[in-house]
Amino acid sequence: MTWDWQFFLEDPGGKFPTYWQWMLSAWGWTISVALLSLVVALVAGFAIGTVRTLPDHPWAVRLGNVWVELFRNIPLLVQIFLWYHVVPALFPAMKDVPSFFLVVLALGFFTSARIAEQVRAGIKALPRGQRYAGMAMGFTTAQYYRYVILPMAFRIIIPPLTSETMNIFKNSSVAFAVSISELTMYAMQVQEETSRGIEVYLAVTALYVLSAFVINRIMAVIEKKARIPGFAAPSAGGGGH
């Protein structure tokens with residue numbers, strides 16, 4: 001078996017001068033899908049996770065539970081196809097939405113269910129005296145969550161958030177199913193064109209590993225700076241003190 005890495009410098013005969021530049025473009029699409037999906041997941045996850053801890057709004061808690069169970073228990077690839085094929089059929093206005101944004105919504109909502117569980121566990125892990133202290137200071141529920149609970153909960157769930165951030169980069173590979181030109185799609189197309197599957201998949205794997213490593217290091221720095229002494233990261237099913 002002979003490996004040939006020089007083919008990355010060859011002309012693929014398309015809009016990219018070389019296979020190497022094509023791969024960098026695909027990496028850019030992977031990063032774009034992952035980062036935008038992460039934003040959706042964080043916003044929705046923190047909102048749903050917070051709602052599920054509101055003591056005086058049982059209906060909101062039930063709706064939050066439905067959200068988590070719905071998006072957590074349907075396979076991601078199925079959700080991608082639902083957004084791509086079913087949602088536009090039910091809502092014709094969605095037909096003009098690019099598949100890129102449909103994938104972002106699918107991946108973001110899928111991950112938001114897991115982040116919601118972590119946020120709920122993080123809030124429940126805080127001492128109940130925090131709430132009473134906030135009430136004694138005259139905080140409304142919104143102020144209590146905004147200024148006391150959510151900042152502390154965020155700091156103690158950074159480790160599981162690191163895992164979810166890494167997972168969202170890996171899960172972005174499902175975008176190939178709706179023809180997004182990310183790394184997995186690139187690898188499949190180039191392997192078919194060049195029959196250099198070993199080199200292509202090794203290179204793509206290296207980029208995924210590099211992405212995960214960079215995320216891990218960034219989150220490690222954030223965790224170190226934001227760590228609360230005496231608190232460990234809660235599990236998704238963690239309860240309160």
Kindly indicate whether the side chain of [X], heavy atoms from C-beta on, has any atom under 4.5 Å from the side chain of [Y].
X    : Y    : result
L202 : W5   : yes
L42  : L161 : yes
F81  : L77  : yes
N216 : T162 : yes
V119 : I157 : yes
I115 : I48  : no
I149 : Y144 : yes
V104 : V40  : yes

Could you tell me the separation between the [atom1] atom of [X] and the [atom2] atom of [Y], rounded to the nearest 0.5 Å?
X    : Y    : atom1 : atom2 : value
L38  : S112 : CG    : OG    : 11.5 Å
L36  : L107 : CG    : CG    : 10.5 Å
S37  : F169 : OG    : CZ    : 9.5 Å
L24  : L207 : CG    : CG    : 7.5 Å
E10  : R196 : CD    : CZ    : 8.5 Å
T184 : Q189 : OG1   : CD    : 11.0 Å

In terms of hydrophobic clustering (I, L, V, M, F, W, Y; side-chain heavy atoms under 4.5 Å; direct or indirect links), are [X] and [Y] co-clustered?
X    : Y    : value
V178 : V174 : yes
L210 : Y201 : no
V68  : L63  : no
L82  : F100 : yes
Y208 : V103 : yes

If you look at every heavy atom in [X] and [Y], which pair is closest and at what distance?
X    : Y    : result
V200 : A187 : CG1-CA, 3.4 Å
E182 : A175 : CG-CB, 3.9 Å
S172 : V33  : CB-CG1, 4.0 Å
A41  : T111 : CB-CB, 3.8 Å
P12  : P17  : CD-O, 3.5 Å
A203 : M23  : CB-SD, 3.8 Å

Look only at the side chain of Q118 and the backbone of A121, and say whether a donor-acceptor pair between them is shorter than 3.5 Å.
no

Testing W29, W27, Y19 for side-chain contact (heavy atoms from CB on, under 4.5 Å) with Y186, which one passes?
Y19

Salt-bridged, R114 to E117, with N to O below 4.0 Å?
no

Can you confirm whether F7 is buried at CZ, in the sense that more than 12 heavy atoms of other residues, nucleotides or ligands lie under 6.0 Å from that atom?
yes

List the steps, then state whether side-chain contact (heavy atoms from CB on, under 4.5 Å) holds for V190 with F8.
CA-CA 10 Å; V190 174; F8 280 107; 5.8 Å; no

May I ask you to decide if the ring planes of F71 and W67 are parallel, tilted or perpendicular, using 30° and 60° as cut-offs?
tilted

Using 30° and 60° as the class boundaries, would you call the ring planes of W22 and F16 parallel, tilted or perpendicular?
parallel

No-hydrogen, no-angle side-chain donor-acceptor test under 3.5 Å, Y145 and T53:
yes

Output, in order, the C-alpha distance, side-chain angles, deciding distance and verdict of side-chain contact (heavy atoms from CB on, under 4.5 Å) for M94 and L102.
CA-CA 9 Å; M94 296 291 290; L102 296 178; 3.7 Å; yes

Would you sort out whether I123 and T50 count as a side-chain contact (heavy atoms from CB on, under 4.5 Å), showing the intermediate values?
CA-CA 8 Å; I123 293 174; T50 301; 4.2 Å; yes

Step by step, would you call I180 with S99 a side-chain contact (heavy atoms from CB on, under 4.5 Å)?
CA-CA 8 Å; I180 303 297; S99 57; 3.4 Å; yes

